[in-house]
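For reference, the structure is listed below as structure tokens.
Predicted model, so just to flag it, every value in this text is computed and none were measured. Heavy-atom basis, side chains included; hydrogens, waters and symmetry copies ignored.
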Amino acid sequence: MPPADVPPVGARIRQARQERGVSLRALAREVGVSASLVSQIETGKSQPSVSTLYAITTALGISVESLFEQRESVAATGDAAAVTHALAAFAADPARRIGPLVTPGEREVLELDSGVMWERLGHVPGTEVDFLLVTYRPGGSSSTSGGLMRHAGTEYGYLISGELVLTLGFETYTLRPGGAVCFESTTPHRYCNDGEEPAVGVWFVFSDT
């Protein structure tokens, strides 16, 4: 069974922005991108990169984990049929979204720009934790512009296969299968896959804000 898609990221971002009374242009200024890009992300015409996604969630005061949550209000603000379809699929079995057991066919998936895919491995209600199976396809990067990102929290990662280059502050590290990293996510950082095969690992990001 293939992984299950969650409702579009853009619909959830638009909902959060509107709930907070933030204009599209104001959000774009806060994030440091064009209003056109934010509009394209909200309408599903473009997917955010990892760095842009973290910048948007930080500006809106929400967690990345919240983008996986199934809420009826999203169906009201999101005009894509996929939103309603995904909500219905998960409503019948809420336990599949929060554990304690999540099988491969039950993972919710976020497809991001620049060749990155996140699959949620589980979630305990009331916690602000991103527990993810992360895939960086060949050439994939957490930032399309090549810039470093920073966000609240503490980050732990373990690489299962492939090779991933981590730029952390002024240092660069090559992560290979069996290698692990941990650092404060407020430290500027960037991941990229310069290899010819996907880099796959398990990531755990604890948001302490």
Any luck finding a side-chain donor-acceptor pair between [X] and [Y] under 3.5 Å?
{"X": "T187", "Y": "R150", "value": "no"}
{"X": "S143", "Y": "S141", "value": "no"}
{"X": "S39", "Y": "E42", "value": "no"}

When the ring centroid of H123 is compared with that of F131, is the distance short of 6.0 Å? no
Go through it in stages, so that I can follow the logic: the residues are H189 and M149, the test is side chain to side chain contact (heavy atoms under 4.5 Å, CB included), and I'd like the CA-CA distance, side-chain angles, deciding distance and then a yes or no. CA-CA 5 Å; H189 59 284; M149 64 177 177; 3.5 Å; yes
Would you find a donor on one side and an acceptor on the other, under 3.5 Å apart, between the side chain of [X] and the backbone of [Y]?
{"X": "N193", "Y": "Y136", "value": "yes"}
{"X": "R107", "Y": "V102", "value": "no"}
{"X": "R25", "Y": "A35", "value": "no"}
{"X": "T52", "Y": "P48", "value": "no"}
{"X": "T58", "Y": "Y54", "value": "yes"}
{"X": "S51", "Y": "S142", "value": "yes"}
{"X": "R20", "Y": "A16", "value": "yes"}

Just how far is it from atom [atom1] of [X] to atom [atom2] of [Y], taken to the nearest 0.5 Å?
{"X": "D113", "Y": "Q40", "atom1": "CG", "atom2": "CD", "value": "10.5 Å"}
{"X": "L166", "Y": "E171", "atom1": "CG", "atom2": "CD", "value": "10.5 Å"}
{"X": "L27", "Y": "Q18", "atom1": "CG", "atom2": "CD", "value": "11.5 Å"}
{"X": "R17", "Y": "L60", "atom1": "CZ", "atom2": "CG", "value": "8.5 Å"}
{"X": "R176", "Y": "S161", "atom1": "CZ", "atom2": "OG", "value": "14.0 Å"}

Do you know the tightest heavy-atom contact between [X] and [Y]?
{"X": "L164", "Y": "C192", "answer": "CD1-O, 3.4 Å"}
{"X": "L159", "Y": "L175", "answer": "CD2-O, 3.1 Å"}
{"X": "E155", "Y": "S185", "answer": "OE1-OG, 3.1 Å"}
{"X": "A59", "Y": "E30", "answer": "CB-CG, 3.4 Å"}

Do [X] and [Y] land in one hydrophobic cluster if side-chain heavy atoms of ILVMFWY residues count as linked below 4.5 Å?
{"X": "V181", "Y": "L132", "result": "yes"}
{"X": "Y173", "Y": "V165", "result": "no"}
{"X": "I56", "Y": "L148", "result": "no"}

Evaluate salt bridge (charged side-chain N to carboxylate O under 4.0 Å, His left out) for R137 paired with E111, printing each intermediate quantity in order. CA-CA 11 Å; R137 298 185 178 90; E111 285 280 359; 3.3 Å; yes
Within the structure provided, determine whether [X] and [Y] are in side-chain contact (heavy-atom separation under 4.5 Å).
{"X": "M117", "Y": "V109", "answer": "yes"}
{"X": "T154", "Y": "F183", "answer": "no"}
{"X": "S63", "Y": "E128", "answer": "yes"}
{"X": "V38", "Y": "V31", "answer": "no"}
{"X": "L101", "Y": "E106", "answer": "no"}
{"X": "T57", "Y": "V64", "answer": "yes"}

Contacts of I160 meeting side-chain contact (heavy atoms from CB on, under 4.5 Å) (sequence neighbours excluded), chain-then-number -> L133, Y158, V202
With ring pair (Phe, Tyr, Trp, His ring centres under 6.0 Å) as the test, would you mind laying out the steps for W203 and Y191 before giving the verdict? CA-CA 12 Å; W203 253 249; Y191 296 102; 5.5 Å; yes
E65 and V129: CA distance, side-chain angles, deciding distance, side chain to side chain contact (heavy atoms under 4.5 Å, CB included) verdict: CA-CA 7 Å; E65 174 64 32; V129 175; 5.9 Å; no
L67 and L53: CA distance, side-chain angles, deciding distance, side chain to side chain contact (heavy atoms under 4.5 Å, CB included) verdict: CA-CA 10 Å; L67 297 178; L53 183 64; 3.4 Å; yes
Could you go step by step and tell me if H151 and V205 meet the side chain to side chain contact (heavy atoms under 4.5 Å, CB included) rule? CA-CA 10 Å; H151 52 90; V205 182; 4.1 Å; yes
